[in-house]
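Note that the structure is predicted; figures quoted are calculated from it, not measured. Within every chain, numbering begins at 1; the chains are lettered A, B, ... in the order of the sequence lines, protein sequences first and strands thereafter.
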There are 2 protein chains.
Amino acid sequence: MTQSAENYFISYIKENGLSMTPQRKIIVETFLETEGHFSAEHLHDLVRSKVPDVGQATIYRTLKLLLDSGLADTIETGDGGALYEHAYGHDHHDHLICVHCNRKIEIFDETIEARQEEVAKQHDFKLTRHRMYLYGICPDCSG
Amino acid sequence: MTQSAENYFISYIKENGLSMTPQRKIIVETFLETEGHFSAEHLHDLVRSKVPDVGQATIYRTLKLLLDSGLADTIETGDGGALYEHAYGHDHHDHLICVHCNRKIEIFDETIEARQEEVAKQHDFKLTRHRMYLYGICPDCSG
DNA sequence: GTGTTTGCAAACACTTTGCATCCAA
DNA sequence: TTGGATGCAAAGTGTTTGCAAACAC
């Protein structure tokens with residue numbers, strides 16, 4: 001799947017008249033092989049451990065491409081930052097976040113999704129996307 | 001209600017060994033008489049139109065007190081900023097946001113709220129709060 | 001070749017903090 | 001009187017941008 005995701009990115013690049021550079025390649029590969037939710041800075045560190053001279057601006061610019069292409073998604077941390085995660089081949093989900101240890105669990109609830117559509121319809125809105133964050137205390141932290 | 005909200009703030013201040021200063025008074029009053037969702041900067045402007053020499057740090061510090069006391073709540077704008085709104089005497093709600101005109105509609109759905117609790121329980125989380133933003137195109141913008 | 005991409009550093013937007021002074025209780 | 005509060009300016013944080021040099025196609 002990682003391979004097809006990379007191909008997907010290459011297609012996206014070509015379709016938009018952009019170039020596939022070594023920097024973009026290493027960033028995308030590192031992104032794809034990194035599981036979970038991570039910051040731009042963390043991705044930058046991972047990339048630099050392979051290719052030391054990649055600038056942070058390139059990380060941000062490439063993450064933007066990953067978002068636009070649909071390969072990546074973000075979680076807003078609430079304090080002005082963002083975390084990134086894989087979106088390609090992953091179904092939509094929301095997050096349940098432990099306010100103590102910051103653990104993030106992916107959740108999905110059909111009833112909620114359906115009601116979101118319904119609520120939007122009640123207001124004549126065309127729903128394009130949504131974000132839902134549930135904050136609480138996880139079992140490990142409440143013991 | 002505005003009056004009781006102000007009294008509520010005064011109680012909060014006293015209970016925490018803090019002082020009620022003229023700056024805090026004018027900021028809280030201005031906050032309470034301003035409806036809708038507004039930025040710290042906008043509140044600062046409104047306050048300065050009455051008392052010109054209130055510093056922005058005092059705005060932020062007082063907004064923090066308003067959040068802690070439960071009088072205010074925030075909406076994260078997603079680009080690192082925040083908007084503030086009244087929370088005192090207002091039931092919990094979420095937001096439906098037009099991605100074109102930025103209009104924000106307050107929404108509440110019991111089914112969603114119930115399912116959120118249910119989902120948290122499934123993962124043995126004690127839910128403390130949540131945020132849900134629905135993004136779409138409002139009827140005025142889709143015409 | 002030529003338009004895109006890069007790294008760097010500076011700029012950004014929003015918020016927080018250090019500090020000397022000031023003030024409420 | 002004295003611990004908290006203020007205004008100012010500087011610092012911080014995460015992200016974006018201007019630019020000249022470098023590169024992909």
Side-chain angles (χ1 to χ4, degrees), chain A residues 9-31 37-48 50-69 72-85 102, chain B residues 6 9-31 37-48 50-69 72-84 102:
Chain A
F9 184 74
I10 294 171
S11 305
Y12 174 82
I13 286 289
K14 298 204 165 149
E15 279 164 21
N16 288 277
L18 306 174
S19 314
M20 193 58 183
T21 65
Q23 289 92 334
R24 284 188 180 155
K25 190 165 197 303
I26 193 73
I27 291 168
V28 170
E29 283 174 4
T30 305
F31 170 81
H37 315 95
F38 45 87
S39 65
E41 189 192 356
H42 182 61
L43 181 61
H44 191 196
D45 289 343
L46 293 173
V47 167
R48 268 190 301 195
K50 302 175 184 171
V51 181
D53 54 351
V54 175
Q56 68 170 173
T58 303
I59 298 288
Y60 280 106
R61 289 188 274 232
T62 305
L63 278 170
K64 196 161 198 308
L65 294 176
L66 285 165
L67 291 172
D68 290 347
S69 72
D73 199 1
T74 56
I75 311 174
E76 290 146 25
T77 57
D79 61 339
L83 300 179
Y84 298 83
E85 66 179 2
N102 220 22
Chain B
E6 188 169 341
F9 184 74
I10 294 171
S11 303
Y12 174 83
I13 286 290
K14 297 203 164 148
E15 279 164 19
N16 289 276
L18 307 174
S19 313
M20 193 57 183
T21 65
Q23 288 93 334
R24 283 187 181 155
K25 191 165 197 302
I26 192 72
I27 292 169
V28 169
E29 283 174 3
T30 305
F31 170 81
H37 315 96
F38 45 88
S39 65
E41 189 191 358
H42 181 62
L43 181 61
H44 191 196
D45 289 341
L46 293 173
V47 167
R48 269 190 300 195
K50 302 175 184 172
V51 182
D53 54 350
V54 175
Q56 68 169 171
T58 303
I59 298 288
Y60 281 106
R61 287 188 275 231
T62 306
L63 277 170
K64 195 161 200 307
L65 293 177
L66 285 164
L67 291 172
D68 291 347
S69 72
D73 199 1
T74 56
I75 311 175
E76 290 145 25
T77 56
D79 61 338
L83 300 179
Y84 297 82
N102 220 21

Query raised in the report: Within the distance-only criterion (no hydrogens, no angle test), does the side chain of B:Arg48 pair as donor or acceptor with the backbone N or O of B:Asp53 below 3.5 angstrom?
Result: no

Requested in this report: At the 4.0 Å heavy-atom cut-off to chain B, mark where contacts on DNA chain D begin and end, going 5' to 3'.
Outcome: D:dG4 to D:dC8

Query - Spacing of CD1 belonging to A:Ile27 relative to OH belonging to A:Tyr60, to within rounding of 0.5 Å - result: 12.0 Å

Report task. Please determine, for C:dA25, whether a Watson-Crick or G-U wobble partner exists with both distances under 3.5 Å, and give it or none. Result -> D:dT1

Report summary line: Rounded to the nearest 0.5 Å, the CD1 atom of A:Ile26 sits from the OG1 atom of A:Thr58 at a distance of 13.0 Å

Requested in this report: Using distance alone, with no hydrogens and no angle criterion, decide if A:Gln56 and A:His44 have a side-chain donor and acceptor under 3.5 Å apart.
Outcome: no

Requested in this report: Before accepting this row, confirm whether a basic side-chain N of the pair B:Glu6/B:Lys25 lies closer than 4.0 Å to the acidic partner's carboxylate O.
Outcome: yes

Query raised in the report: At under 4.0 Å between heavy atoms, what does A:Asp53 touch on the DNA or RNA strands: base, sugar-phosphate, or nothing?
Result: sugar-phosphate

Query raised in the report: If you draw a 6.0 Å radius around NZ in B:Lys50, do more than 12 non-hydrogen atoms from other residues or ligands fall strictly inside?
Result: yes

**Report entry** Contact state string [nucleotides 15-25 of chain C, B base, S sugar-phosphate only, - no protein heavy atom under 4.0 Å]
**Finding:** BBBB-----SS

Query - Any donor-acceptor N/O pair, B:Thr62 side chain to B:Ile59 backbone, under 3.5 Å - result: no

Query raised in the report: Measuring from B:Asn102:CG to B:Leu83:CG, what's the distance to the nearest 0.5 Å?
Result: 8.0 Å

